[in-house]
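These notes are about the structure you will find just below.
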Amino acid sequence: MHSGDITIESISKIEGSAGIKVVIENNKVTDLKFYINDYRRFYSQTVKGTPITAVPAFLSRICGTCSVAHLFASLETIEKAQGITITEQTKLIRRLAYNALMIRDHALHLYFFVLPDILGLDSILDIPDDGDDLGHILLHDSFDIKKLGTDLSEATIGAAIHAPLPTIGGMLRNPDPQKFPELIDRLEAVRPQVLRGIQTFYDWQESLVRDSDYIYLRNDKQFDFLEGNIVISGGPAIPEAEFMNFLKTVVIPYSESKGYLISKTKEDYLVGALARINFNKDLLHKRTVKDTKKYLGVFPSDNVYHNNLAQAIEILQCVDDAIDILKTIKITEEKPVTAPVRAGTGVGVVEAPRGVLYHMAKIDASGKIEDYDVIVPTSQNQINIERDLKHYFNENLDKPEKELKLNAEKIIRAYDPCMSCATNFLKIDWIRV
Amino acid sequence: MTTKTNTTNTPKKLIVGWFSFTCSEDSTILLTEILNDMHDDLKQLVEFRYFKALKSKNELRDLDVAFIEGAISSESQAKRARTIRENAKYVVAIGACACTGMPSASRNKFVAQDITEEIGWYMKKFNYNDKVKKLADVIKVDDMVHGCPMNKVKFLETLFKYLQLFGVVEKEN
């Protein structure tokens, strides 16, 4: 039995910097702090007074891995504030690019960060150079999957990281359809590799079950990361613009990121692939459903490790959706939709790889930012992660400290947290601590 | 430029550390994308002795080259950068934030009224420096790979330069 402190100063194999400190007295966890310690960049303040045309590209710099999510959320926010309705072609190009984001971002998390836990290794760098070794096969699957996501991004929006082509109202340059047939072939070819990954994450028998609410975007017409209403655990649809009314901001004095609770219940909640698959699996692509029936039976699930399996299934969803779009889209040479600059407020909510991402912009009559706010998934998951860890430690204090630490890291990694995102914005209902 | 690898019995590897300070970590992400194509080759040539994004068992000692992305926001980060410098023969600044401070140093342009009560609280609570610094303001930097994210070609050229410098690969005439 333990007593005293257990500390992990810097959790590895995540994006950014975070740690935990656990205080144990008389075989009970008396205090547990999960803290995010990336330094803030205060971009919400920086963009004030900036012309709207410069804002989306700047805010894509919030995050290296999900820059496309911030870019598209910011574009949607500004377009709504300016009364701009994008064309069906732009919608499809964004959807295609977003599939690419999910493919490469989920694959990075699942294979580079989580797979070593499954294999009992410290790192992908320790996977043997043996073509018959399952770890070797899966790692090389991941290179093909990630590269396909990157190439699909480049073909549609110019780059996977800080894409240069999307702009307010449309695209600065439309994709070249001549590149599509090769991408379709590669997407078809990668499906068996994606399915091998799904089987691997399905077979992993780790479990941490804790009752929690879920928040996600739902579009009743299709499985969608970009359009829809916000829903809390199967409840009524909440329009994007009203989302903030349902959240309570919490200052966490030992963390550089604030947290959130559901304002009505004061309870924590989870966002991300687990929430999406739990509540939107009926909307998945037919082909994805056909090939993942066995795995989809797991959901709905309150096991946080199933966030990994949910991400693996979403990769296949994005592959299948991308194939459909590439086969059917007719690219015409259209210009971005424009409108006279006006004062207004817009809200854009998308599903980032890690969950619901909210952008809000207030714009003045000259087209400059008066106020900007962002709520990122990792901040929303922060309290949930902390409570999961508390639950885990209390249930497992008989285990050796080394095992406790490793499993704590595994739980945190299951959420796929991104600390770079979590520490960029600062807009709170200020409560002095 | 063509190369051949060192042909001694125990292949020499370049001992590398990869570190991140204040930034979006886009260059780390780009490096993971480079591994899509080059993992098998780099594994023969490079020992990643410190790379927190990819491994938990990290050692900060006897590095040939430390690649550092991100700007310096606090004295604790500056101290950490100095420790890295003491344990690396060469230091390469990676990406815009390390090379120039920007965009992470955007807050350096804040005037007094921009430092709201909330911002001031966080800066004080977590011991921020008044100004965000580029890496060369804190430690000696031997090379820079600019870009946001880093320029991939320039990074590979720089890595190659050090592979040659440490005799891991040889120039062919």
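Chain letters run A, B, ... following the sequence lines, proteins first and then strands; every chain starts at 1.
Counting heavy atoms from C-beta on, the side chains of Glu33(B) and Arg104(A) come closer than 4.5 Å. Looking at Thr116(B) and Gln45(A), their side chains come closer than 4.5 Å, going by heavy atoms from C-beta outward. Inter-residue side-chain proximity for Thr32(B) and Phe112(A) is flagged as met; some heavy-atom pair is nearer than 4.5 Å. Side-chain contact between Lys48(A) and Asp114(B) is absent, with no heavy atoms from C-beta onward closer than 4.5 Å. Within the 4.5 Å cutoff, side-chain heavy atoms of Leu139(A) are placed close to those of His39(B). Gln44(B) has its side chain within reach of Asp129(A): a pair of non-hydrogen atoms, C-beta onward, lies under 4.5 Å apart. Residues Cys148(B) and Arg61(A) are in side-chain contact: their nearest non-hydrogen atoms beyond the backbone lie under 4.5 Å apart.
Of the two parts of Phe110(B), only the side chain, counted from C-beta on, holds a non-hydrogen atom closer than 4.5 Å to a non-hydrogen atom of chain A. Using a 4.5 Å cut-off between heavy atoms, Tyr254(A) touches chain B through its backbone atoms (N, CA, C, O) alone. Contacts between Leu125(A) and chain B at a heavy-atom distance below 4.5 Å involve backbone atoms as well as side-chain atoms. With a 4.5 Å cut-off on non-hydrogen atoms, Ile115(B) does not touch chain A at all. If you measure heavy-atom distances from Ser255(A) to chain B, the contacts under 4.5 Å come from the backbone alone. Contact annotation for Leu42(B): neither backbone nor side-chain heavy atoms come within less than 4.5 Å of a heavy atom of chain A.
The most heavy-atom pairs under 4.5 Å with chain A, out of Gly70(B), Pro103(B), Ala96(B), Cys97(B), come from Pro103(B).
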Practice task
Just do the side chain to side chain contact (heavy atoms under 4.5 Å, CB included) check on Ser123(A) and Phe51(B) with the steps written out, would you?
Solution key: CA-CA 10 Å; Ser123(A) 167; Phe51(B) 195 167; over 6 Å; no
Just do the side chain to side chain contact (heavy atoms under 4.5 Å, CB included) check on Thr65(A) and Glu25(B) with the steps written out, would you?
CA-CA 8 Å; Thr65(A) 185; Glu25(B) 300 202 351; over 6 Å; no
- request: Tell me, with the steps shown, if Tyr128(B) and Arg40(A) meet side chain to side chain contact (heavy atoms under 4.5 Å, CB included).
  value: CA-CA 9 Å; Tyr128(B) 285 51; Arg40(A) 287 175 172 275; 3.2 Å; yes
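In Lys147(A), the NZ atom is not crowded: 12 or fewer heavy atoms of neighbouring residues, nucleotides or ligands sit closer than 6.0 Å. Other residues, nucleotides and ligands place more than 12 heavy atoms under 6.0 Å from the NZ atom of Lys131(B). Sparse packing is recorded around NZ of Lys362(A), with 12 or fewer heavy atoms of other residues, nucleotides or ligands lying under 6.0 Å away. No more than 12 heavy atoms of other residues, nucleotides or ligands sit less than 6.0 Å from atom NZ of Lys368(A).
Considering every non-hydrogen atom in both Ile127(A) and Lys43(B), the closest pair reads O-NZ, 2.6 Å. Closest of all the heavy-atom pairs between Ala53(B) and Phe113(A) is O-CE2, 3.2 Å.
Residue Asn36(B) holds its CG atom at 10.5 Å from NE2 of His140(A), rounded to the nearest 0.5 Å. Arg41(A) contributes atom CZ, which lies 7.5 Å from atom OG1 of Thr22(B) (distance to the nearest 0.5 angstrom). In this structure, the separation between OG on Ser56(B) and CG on Asp117(A) is 8.5 Å, given to the nearest 0.5 Å. Distance check, rounded to the nearest 0.5 Å: SG of Cys63(A) to CD1 of Ile29(B) gives 7.0 Å. To the nearest 0.5 Å, atoms CG (Asp122(A)) and CG (Asn58(B)) are separated by 7.5 Å. Distance check: Ile161(A) CD1 to Ser24(B) OG gives 8.0 Å after rounding to the nearest 0.5 Å.
Taking the centre and axis of the six-membered ring of Phe42(A), the NZ or CZ atom of Arg107(B) falls outside the cone set by 45° and 6.0 Å.
A donor-acceptor contact under 3.5 angstrom links the side chains of Ser76(B) and Tyr39(A), judged on distance only.
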